[in-house]
Amino acid sequence: MKGSMPLWAVASLLAIWSKSLARARSGAGKTQLLLTLLLASQLPPPHGLSKSAIYISTEAALATNRLTQLLSTHPALASFAPKDKPSLSRILSIQTPDLESQEHILRFQLPVAIKKHDVGLVILDSVAANYRAEFEKKGARGGAASMAKRGTQLVQLGALLRDLARTEGVTIVVANQVADRFTQSHSGFSSNPTSRTTSGNSQRGDRENTPHNSLNHPTSYPPSQLDGGLVLSSEPLTLDHQQRWFTGWGDMQSDAPQNLKTPSLGLVWTNQISCRIALIKKPVFASRPSILNIDGEDRWNDEETHISKWRRWFKVVFAAWAPPSDRLGIEFEVLKTGLHHVKTEIQDT
Amino acid sequence: RLPTVSASQALQKLHARGSRTVSTGVAQLNTILSPPCPPGHTVSGGLMRGKVTEIFGPSGAGKTAFGIQAAVSALREGQHVVWADAACAPLVPQRFNDVLFAIGDPLPRDPATDVPPPPDLSPDELRSHFHHYTSPTLAHLLALFVRPPSAFPPPNTSLIVIDSLSTLFDNAYPRNSDDRTLRNKSDQARWAAGRKFAVMNELISTLARVAAMYNIALVLTSQPITRIRGSSRAVLVPAISGAEWENGISTRLVLFRDWVPGQWKRNDADANNLRKVRFIGVVKVDGVTLAEEGGVGNVVPFAIESTGLGGMDMAAVDVAVPALRQPVRPLKRPFAEIDGDDDGDEDENPDSDELYGWIEDDEVAAEGLV
């Protein structure tokens with residue numbers, strides 16, 4: 001049975017004094033989610049914060065048409081009396097086309113606006129855009145230095161936003177983009193964990209395994225073997241492996257490597273945020289017969305498979321105030337009336 | 001002349017001060033972290049009081065959860081806890097209370113220890129023993145520890161947790177300031193920027209001193225950074241490093257996640273539990289390094305519930321002799337080969353005897369024991 005998207009779950013996810021990161025592929029529903037938050041934050045608790053909201057955009061202007069549509073058709077929002085209903089007049093928006101203006105606005109104008117307009121929610125859409133544009137300008141030369149400088153700026157941005165959230169008591173949601181993930185194929189470490197049966201005496205087992213492992217990768221560490229039974233991946237602390245869990249993509253062994261995404265701005269940015277939400281999108285291919293009967297003869301169906309629809313999930317990757325989502329998270333769909341929770345009996349990957 | 005004290009009197013005094021450790025909530029880990037004790041006595045294991053423990057790991061691995069469990073363990077023993085939120089989201093009261101007021105003591109008490117049973121405290125008393133500080137910048141943290149207010153740390157404190165310390169350093173001393181910003185700074189600003197290691201050293205020696213003087217288990221958490229090992233393979237290492245820093249850290253744990261065989265079975269309660277599994281790698285314990293950078297050392301599985309941390313009953317484990325990983329000895333080339341590198345063949349692979357020789361010796365010696 002379909003119900004309205006648990007806005008309430010979302011709003012409660014965003015505790016005060018926090019900084020969350022919503023990441024998604026294009027078309028995954030990120031903008032819809034952010035727009036919904038702009039409205040929901042105006043509702044009284046427990047649904048919202050009873051406060052205004054600010055939308056800082058680095059790219060497109062605020063989609064006011066869609067906001068109006070949501071306000072009038074979303075079942076949860078439309079049910080409020082006119083005086084309690086959220087309004088567009090309580091949403092401020094500003095565009096920051098480059099890093100310099102972004103820095104100025106965040107550091108000087110934002111605190112003033114928060115106090116003046118009783119703001120509870122600040123959305124920055126998106127954090128990666130201005131950094132990418134900036135360092136593309138510089139071109140290939142000085143590439144490494146640019147990357148290093150960007151790391152420093154991200155750390156400072158993180159501190160700035162964290163301080164703002166803490167001192168002004170606002171919730172800050174930052175949108176980010178994802179890119180395809182490329183893992184190092186020569187690391188000798190595939191997505192399958194090294195399969196090794198447990199040996200009786202764990203001490204001897206380690207030593208027996210060491211020479212074997214050195215054939216694959218001379219400088220790798222001996223596999224970690226827990227006393228008596230469990231076998232871990234051979235090098236659990238590589239970035240490639242651990243990012244399967246802190247990015248939101250790749251934590252399921254069944255994930256095909258070519259479908260994995262990685263959020264922009266890397267580990268440095270991950271270390272700055274206290275909550276990460278991933279909006280995951282997967283295609284559903286139209287089922288088609290593999291063999292067609294053409295002119296009385298059976299032939300392989302050479303038609304290209306096409307995507308019949310997309311499925312979308314809202315996944316808490318990590319949060320300081322909530323446990324991570326199980327598997328892919330909550331499935332939802334984007335309708336005219338807003339985001340709606342899709343409940344299925346069996347959770348398929 | 002100093003008064004002499006008999007050995008038995010000294011021992012009594014030691015035990016009269018209460019437990020020497022703070023439980024982590026994971027029995028297997030407590031055992032690995034157990035301090036040495038005289039024969040005939042057993043000491044309940046856990047984080048060692050008087051020493052500094054560093055916990056590092058990526059976001060979401062469970063560092064804060066680990067700190068919460070240790071804090072609750074200390075509070076339940078009637079001790080005081082100091083919690084300093086550094087560069088992280090403020091500790092969420094609901095999350096903390098869920099663990100503090102969870103019904104049931106997960107770890108059975110070992111009757112053989114000399115530690116008196118814990119007092120029965122009301123919720124308000126428990127809360128009053130928890131001292132929460134916010135130190136949003138490095139300067140705040142230094143002020144708190146180097147120039148402490150009176151009655152800091154509070155008496156009977158057995159645990160201090162500093163959550164997300166490494167990011168404070170990155171904020172105060174950016175890693176890669178480019179030349180342009182440095183040139184524009186005044187001389188004084190440039191001097192300040194160069195003080196990073198001096199400040200780091202002062203902080204760690206202060207923390208170690210506070211821990212030792214007040215018999216407190218001091219736990220600090222670190223975010224990871226990447227370091228390239230071998231041929232462009234990036235591993236996660238603690239964000240703060242340095243010789244003096246290393247001297248101040250007595251124990252280091254790495255929290256990480258990994259796949260567990262059988263966790264993707266459907267409709268299986270066990271599979272659900274398996275998905276909650278996290279891992280703690282003991283990479284340094286009581287001053288002894290067990291694994292190099294990027295290694296995970298001695299690994300213990302655990303699970304995070306809303307009621308706190310617990311061990312995972314994955315297999316029957318003999319905990320009497322923890323299997324410590326042999327530290328890898330650096331290769332030594334025979335004396336004759338050190339001179340005369342003009343053959344040009346600098347990367348000759350050592351033969352397996354050289355590489356594994358000493359381990360084989362140990363194998364022979366150990367056979368008698370097994």
Side-chain angles (χ1 to χ4, degrees), chain A residues 15 17-19 145 148-149 151-152 155-156 158-159 162-163 166 184 186-187 193 201-204 206-207 210-211 217 219-221 224 226-233 235-242 245-246 251-254 267 270-276 317-318 320-321 323-324 326, chain B residues 58-61 64 87-90 92 94-95 134 136 167 170-171 174-178 223-226 229-236 239 254 256-261 264 275 279 281 291-292 294-296 299-301 304 306 314-318 322-323 325 352 356 359 363 366 370:
Chain A
W17 307 323
S18 71
K19 205 155 40 76
K149 187 174 158 202
T152 304
V155 167
Q156 286 169 343
R162 220 173 10 251
D163 271 346
R166 186 179 54 88
Q184 296 166 318
H186 66 273
S187 66
N201 180 333
S202 60
Q203 283 172 328
R204 285 187 73 90
D206 285 339
R207 289 181 203 137
T210 304
H217 195 143
T219 57
S220 67
Y221 301 97
S224 314
L226 305 178
D227 299 321
L230 206 58
V231 179
L232 297 178
S233 310
E235 290 176 87
L237 290 189
T238 53
L239 176 64
D240 279 349
H241 193 55
Q242 285 305 308
W245 285 274
F246 65 72
D251 54 325
M252 306 217 278
Q253 276 173 281
S254 55
L267 181 62
T270 304
N271 286 345
Q272 299 304 312
I273 56 178
S274 47
C275 165
R276 170 165 274 164
V317 182
F318 59 82
W321 51 85
D326 200 26
Chain B
S59 304
T64 304
C88 57
V92 178
Q94 185 63 54
R95 187 181 171 185
T134 307
T167 316
D170 289 332
N171 290 340
R175 275 171 201 279
N176 311 103
S177 347
D178 66 1
Q223 295 280 33
I225 56 170
T226 53
R229 305 281 296 187
S231 45
S232 67
R233 194 176 75 255
V235 293
L236 299 183
V254 56
F256 63 98
R257 304 184 67 172
D258 200 354
W259 292 312
V260 175
W264 298 114
R275 280 201 286 274
F279 298 95
E292 287 187 351
V296 287
V299 180
V300 174
I304 303 179
S306 62
M314 309 215 89
V317 177
D318 176 21
R325 184 162 300 281
S352 63
Y356 302 113
I359 296 176
E363 258 185 356
V370 170

Please classify the contact of [X] with chain A as side chain, backbone, both or neither, using a heavy-atom distance under 4.5 Å.
| X | result |
| --- | --- |
| B:Arg257 | both |
| B:Thr64 | neither |
| B:Ser306 | neither |

For residues A:Thr238 and B:Arg233, is any side-chain donor paired with an opposing acceptor at under 3.5 Å?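 Distance-only check fails for A:Thr238 and B:Arg233.
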Please rank B:Ala239, B:Ala61, B:Pro136 by heavy-atom pairs under 4.5 Å with chain A and give me the top one.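 Of B:Ala239, B:Ala61, B:Pro136, B:Pro136 has the most heavy-atom pairs under 4.5 Å with chain A.
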Which residue is it: A:Leu239, A:Asn271, A:Asp251? I am looking for the one with a side-chain contact (heavy atoms from CB on, under 4.5 Å) to A:Phe246.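 Only one of A:Leu239, A:Asn271, A:Asp251 forms a side-chain contact (heavy atoms from CB on, under 4.5 Å) with A:Phe246, namely A:Leu239.
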Indicate yes or no: at least one non-hydrogen side-chain atom of B:Glu292 is less than 4.5 angstrom from one of B:Val235.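 They are not in contact (no side-chain heavy atoms under 4.5 Å apart), so the answer is no.
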Is any side-chain heavy atom of B:Val296 less than 4.5 Å from a side-chain heavy atom of B:Phe279?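 They are not in contact (no side-chain heavy atoms under 4.5 Å apart), so the answer is no.
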Part of A:Pro324 within contact of chain B (heavy atom distance under 4.5 Å):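 A:Pro324 touches chain B through side-chain heavy atoms alone.
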Any donor and acceptor pair, going by atom type alone, linking the side chain of A:Trp245 with main-chain N or O of B:Ser59 inside 3.5 Å?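 No; zero donor-acceptor contacts below 3.5 Å.
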